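A quick note: this is a predicted structure, and the numbers were derived from the prediction, not measured. In what follows, chains carry the letters A, B, and so on, assigned in the order in which the sequence lines appear, proteins first and then strands, with residues in each chain numbered from 1.
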There are 2 protein chains.
Amino acid sequence: MNTQFKKGVLELIVLLAVNKKDMYGYELVMEVSKVVDVNDGTIYPLLKRLTNERYFETYLVDSTEGPARKYYKITVLGKERVEELRDNWKVFANSVNKFIKESMKNE
Amino acid sequence: MNTQFKKGVLELIVLLAVNKKDMYGYELVMEVSKVVDVNDGTIYPLLKRLTNERYFETYLVDSTEGPARKYYKITVLGKERVEELRDNWKVFANSVNKFIKESMKNE
DNA sequence: ATTTAGTACTTGACAATACAAGGTAGTTGA
DNA sequence: TCAACTACCTTGTATTGTCAAGTACTAAAT
């Protein structure tokens, strides 16, 4: 899988997932992996950054299957960010697709 | 415009443009700018890399409007790379779009 | 003749993101 | 008790793109 395409999109995917429901880190790694190949060492720093930027709040919940789970909950600011990024993505993906179509006309 | 989305896609766009017809650097900057905001200092190093990787060959043509133009021409290897990247992009964009749709179901 | 505008390209310092590899620590079941 | 799984986190590195600055060439305006 192309590493470079992922840049920036991971943030959107993580925001979308947490926007839907509160999730803990490990769970997110599993969820996001369904969409794009991703390393857990990529997700955790990203979660930290998004929390620092006030898009997420966190709380701990004890688990019977290992260490306590740190849950991430989206904030109002986070919801705004989701909207923004989602719109950006749509515009971006559309213009790339358009360019691909154009470039295939005389092929 | 989101900087990060660009990563990796710029390569595809440049390859697509040159695949369609031979182009010189400055011309490419103008062409690519139609799709994504991009600095000329981003394009030239990219062209150099793609040439080093044997996706492009170059030749010079005198110009009446300034210094000689360095034209980029796609190679067989480059054509393969276009196909590959284009397919990768489609798969990637589709799975992201799918995830966006899924995540909006219960919103 | 000199300046200005536009074309064409290069270089180097910098920022952001992702990966690989490693570490810590709790719980369960053989 | 110890392997396997869950859960979390950090560090070093590579890649890619950004930005600022600079070089250099030509044509047209002054």
Checklist entry - Quick one: A:Leu60 CG to C:dA25 C1', roughly how many Å, whole number? => result 14 Å

Next on the checklist: Nearest to the A:Pro67 side chain among C:dT7, D:dG17, C:dG26, which nucleotide is it?
Outcome noted: C:dG26

Checklist entry - Within the side chain of B:Thr75, is there an N or O that forms a donor-acceptor pair under 3.5 Å with the backbone of B:Arg54? => result yes

Checklist entry - What is the distance, rounded to the nearest whole Å, between atom OH of B:Tyr44 and atom C1' of D:dA24? => result 13 Å

Checklist entry - Atom CG of B:Asp40 to atom C1' of D:dA20: distance rounded to whole Å? => result 11 Å

Next on the checklist: Given C:dT11, C:dT17, C:dC9, identify the nucleotide with an atom nearest to the side chain of B:Tyr24.
Outcome noted: C:dC9

Next on the checklist: In whole Å, I'd like the distance from the CG atom of A:Leu46 to the P atom of D:dT11.
Outcome noted: 17 Å

Checklist entry - For A:Glu11 and A:Ser63, take the nucleotide of DNA chain C holding the closest heavy atom to each; which residue's nucleotide lies nearer the 5' end? => result A:Glu11

Next on the checklist: When you compare the side chain of B:Lys73 with that of B:Met23, does any pair of heavy atoms fall below 4.5 Å?
Outcome noted: no

Checklist entry - Of B:Thr64 and B:Val9, whose closest DNA chain D nucleotide lies nearer the 5' terminus? => result B:Val9

Next on the checklist: Counting only side-chain nitrogens and oxygens, does A:Lys70 get under 4.0 Å of the OP1 or OP2 atom of D:dC9?
Outcome noted: yes

Checklist entry - Looking across every strand, which nucleic acid part, if any, lies under 4.0 Å from B:Val29 by heavy atom: base, sugar-phosphate, or nothing? => result nothing

Item to check | A:Lys48 vs D:dC8: side-chain N/O to OP1/OP2 distance below 4.0 Å | outcome: no

Item to check | Over 12 non-hydrogen atoms of neighbours within 6.0 angstrom of CZ in A:Arg49 | outcome: yes

Next on the checklist: Quick check for you: among D:dG17, D:dT15, C:dA25, whose closest atom lies nearest to any side-chain atom of A:Lys7?
Outcome noted: D:dT15

Item to check | Closest to the A:Arg69 side chain, choosing from C:dC19, C:dT17, D:dC8 | outcome: D:dC8

Checklist entry - Are any of A:Tyr26's side-chain N or O atoms less than 4.0 Å away from OP1 or OP2 of D:dC8? => result no

Next on the checklist: Taking only side-chain N and O atoms of B:Lys6, does any of them lie within less than 4.0 angstrom of OP1 or OP2 on C:dA16?
Outcome noted: no

Checklist outcome for this item: Separation of C:dA18 atom P from A:Leu10 atom CG, nearest Å, is 4 Å

Checklist entry - Starting at the 5' end of DNA chain C and moving along, which residue's nearest nucleotide shows up first, B:Glu27 or B:Pro45? => result B:Glu27

Next on the checklist: Whole angstroms only, please: what is the CG-C1' distance between B:Asp62 and C:dT7?
Outcome noted: 14 Å

Next on the checklist: Using the side-chain heavy atoms of A:Tyr72, tell me which of these nucleotides is nearest: D:dC9, C:dA16, D:dG17.
Outcome noted: D:dC9

Checklist entry - Which is true for B:Gly25 with a 4.0 Å heavy-atom rule: it touches a base, it touches only sugar-phosphate, or it touches nothing? => result sugar-phosphate

Next on the checklist: Base, sugar-phosphate or nothing for A:Thr42? Non-hydrogen atoms, less than 4.0 Å.
Outcome noted: base

Item to check | d(CD, A:Gln4; P, C:dT17) in whole Å | outcome: 12 Å

Next on the checklist: I need the CE-C1' distance between A:Met23 and D:dC8, as an integer number of Å.
Outcome noted: 15 Å

Checklist outcome for this item: Value for NZ (A:Lys48) from CD (A:Glu53), rounded to nearest 0.5 Å, stands at 13.5 Å

Next on the checklist: For A:Lys79 and A:Glu84: C-alpha separation, side-chain torsions, deciding distance, then whether salt bridge (Lys or Arg N to Asp or Glu O under 4.0 Å) applies.
Outcome noted: CA-CA 9 Å; A:Lys79 281 178 185 290; A:Glu84 190 190 344; over 6 Å; no

Item to check | Nearest listed nucleotide, side chain of B:Thr3, among C:dT10, D:dG17, C:dC19 | outcome: D:dG17

Item to check | Heavy atoms of other groups near B:Asp62 CG, more than 12 under 6.0 Å | outcome: no

Checklist entry - Taking the nucleotide of DNA chain D with the closest heavy atom to each, which residue, A:Asn39 or A:Gly66, is nearer the 5' end? => result A:Gly66

